[in-house]
Amino acid sequence: MSQEPDRLFAQPLPEVPDFVFNEDVVRVFPDMIKRSVPGYPTIVENIGVLAGQFAQPHTTLYDLGASLGAVTQALRRHVRIDGCKVIAVDNSPAMVARCSEYLHAQDAMFQELLPVEVIEADILALDLQPTSLVTLNFTLQFVPPERRLELLTHIRQALLPGGALILSEKLRFEDAAEHDLLTELHVAFKRANGYSELEIAQKRSAIEKVMLPDSLEQHRQRLLAAGFSKVLPWFQCLNFASLVALP
């Protein structure tokens, strides 16, 4: 499928609206995420690899906040365990529609993929089936902070023994100098990927009120409070990281 380049913030806007996952964003999302999140392709592909170590026969695997289904596709490619099924969930109608198209295209390219169901729903209101694997790939940072523990507790209660939650997030840092340095290095990454100063500034203005990152220690403490027994960081590139949380 053709993918449009991300030019959403290339022209000066009289007023920058809050960022939403609408049809405009969906059209350019693959280009946007690749040029904005360092290590994104590595994270996505290796979530599939890690999932193969935790997925259990005849269980459901969840991709919560699935967007266009990149993680779902990785799960379907890498998990080779009898009876597993992937449920991909997103609350954006535009994302769900395009995700379904992409997964249909994947079905045409590969054989023996895991079955998948794509659901438009609020993950905070979702009734989770017993599961051996849940992924939250750059999703929790868009959940209201006061409801993050509730969501993680719900996931922990649904996880089967031996399962895992894989959580990827943008990080903030407690040390101001460290935070400022890694923020500037991230800006340099975006410049190197062709974003102008105007695009960087307007995107920051659009997203700063709706995406609220936590520190690594906040994530660890919250996951432990939700009932997880171990939290293992497995990837970090600049101010983006991914963790495995075990029940």
Side-chain angles (χ1 to χ4, degrees), residues 6 8-9 16-40 43-44 47 62-72 74 87-99 118-126 128 134-156 158 165-173 179 182-183 186 190 200 202-223 225-226 231 235-243 245:
D6 176 19
L8 294 184
F9 298 98
V16 180
D18 286 345
F19 189 87
V20 293
F21 291 99
N22 57 20
E23 184 61 47
D24 290 335
V25 169
V26 167
R27 282 200 306 271
V28 303
F29 189 74
D31 183 64
M32 174 187 286
I33 196 101
K34 181 177 65 175
R35 293 166 63 202
S36 300
V37 177
Y40 183 77
I43 291 172
V44 167
I47 286 175
Y62 282 99
D63 180 9
L64 302 182
S67 63
L68 295 183
V71 167
T72 292
I87 296 182
V89 186
D90 205 280
N91 66 352
S92 163
M95 282 289 190
V96 167
R98 189 65 62 90
C99 177
V118 183
I119 297 174
E120 180 187 333
D122 178 358
I123 62 173
L124 290 166
L126 196 64
L128 296 175
V134 177
T135 70
L136 286 167
N137 200 45
F138 303 107
T139 299
L140 192 66
Q141 60 203 15
F142 292 101
V143 173
E146 67 275 10
R147 300 201 66 185
R148 293 175 186 179
L149 177 58
E150 171 192 343
L151 174 61
L152 294 175
T153 302
H154 187 41
I155 291 170
R156 169 62 189 90
L165 164 67
I166 303 177
L167 171 67
S168 309
E169 289 278 287
K170 184 178 182 180
L171 299 177
R172 67 175 185 82
F173 298 87
H179 181 84
L182 284 162
T183 298
H186 181 216
K190 289 188 281 191
I200 293 169
Q202 291 193 137
K203 172 74 174 297
R204 183 189 302 119
S205 178
I207 209 164
E208 62 186 358
K209 294 179 182 177
V210 296
M211 188 185 76
L212 303 172
D214 293 315
S215 68
L216 191 58
E217 183 60 18
Q218 278 181 298
H219 283 298
R220 191 179 79 86
Q221 292 296 337
R222 187 188 291 121
L223 287 162
V231 180
F235 182 90
Q236 183 174 341
C237 186
L238 301 180
N239 46 357
F240 293 81
S242 190
L243 320 171

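Reckoned from all heavy atoms, side chains included, excluding hydrogens, waters and symmetry mates. Note that this is a predicted model, so its numbers are computed, not measured. Positions are given from 1 along the sequence.
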Could you check whether any side-chain heavy atom of Tyr40 comes within less than 4.5 Å of a side-chain heavy atom of Phe240, counting everything from C-beta outward? no
Closest non-hydrogen contact found for Asp90 with Ala66 is OD2-N, 3.4 Å
Atom pair CZ (Arg172) and OG1 (Thr183), whose distance is rounded to the nearest 0.5 Å: 11.5 Å
Distance-minimising heavy-atom pair for Phe29 and Ser67: CE2-OG, 3.7 Å
From Ile200 atom CD1 to Ser205 atom OG, the distance as rounded to the nearest 0.5 Å: 14.0 Å
Indicate yes or no: at least one non-hydrogen side-chain atom of Phe9 is less than 4.5 angstrom from one of Val16. yes
Partners meeting side chain to side chain donor-acceptor pair (under 3.5 Å) with Asp31 (sequence neighbours left out): Arg35
To the nearest 0.5 Å, what is the distance between CD1 (Ile166) and CD1 (Ile43)? 11.0 Å
Parallel, tilted or perpendicular: ring planes of Phe19 versus Phe142, cut at 30 and 60 degrees: parallel
What's the shortest heavy-atom distance between Lys203 and Ser36, and which atoms? NZ-OG, 3.9 Å
Test item: Asp6 side-chain N/O and Leu8 main-chain N/O as donor-acceptor pair under 3.5 Å: yes
Nearest heavy-atom pair of Phe138 and Val37: which atoms, and what distance? CZ-CG1, 3.9 Å
Just to verify, what does Arg147 make a salt bridge (Lys or Arg N to Asp or Glu O under 4.0 Å) with, not counting sequence neighbours? Glu150
Under the side chain to side chain donor-acceptor pair (under 3.5 Å) test, which residues partner Asn137, sequence neighbours left out? Ser168
Does a side-chain heavy-atom distance below 4.5 Å link Glu169 with Pro213? no
Measure the shortest side-chain to side-chain distance between Leu152 and Leu223 over non-hydrogen atoms and say whether it is less than 4.5 angstrom. yes
Shortest non-hydrogen contact between Gly39 and Cys237, atoms and distance: N-SG, 4.4 Å
For a 4.5 angstrom cut-off between non-hydrogen side-chain atoms, does Arg222 reach Leu140? yes
What's the spacing between Leu64 CG and Leu126 CG if we round to 0.5 Å? 6.5 Å
I need the Arg148 CZ to Leu167 CG distance, nearest 0.5 Å. 10.0 Å
Identify the heavy atoms of Glu120 and Pro93 that sit nearest to each other, and give their distance. OE2-CG, 3.4 Å
Between Ile155 and Leu151, is any pair of side-chain heavy atoms under 4.5 Å apart? yes
To the closest 0.5 Å, what do you measure between CE (Met95) and CG (Leu68)? 5.0 Å
Result for side-chain contact (heavy atoms from CB on, under 4.5 Å) between Ile87 and one of Ile119, Thr72, Asp63 points to Ile119
Residue pair Leu171 / His219, side-chain heavy-atom distance below 4.5 Å: yes
Quick one: do Leu243 and Leu216 satisfy side chain to side chain contact (heavy atoms under 4.5 Å, CB included)? Show the steps, please. CA-CA 9 Å; Leu243 320 171; Leu216 191 58; 3.5 Å; yes
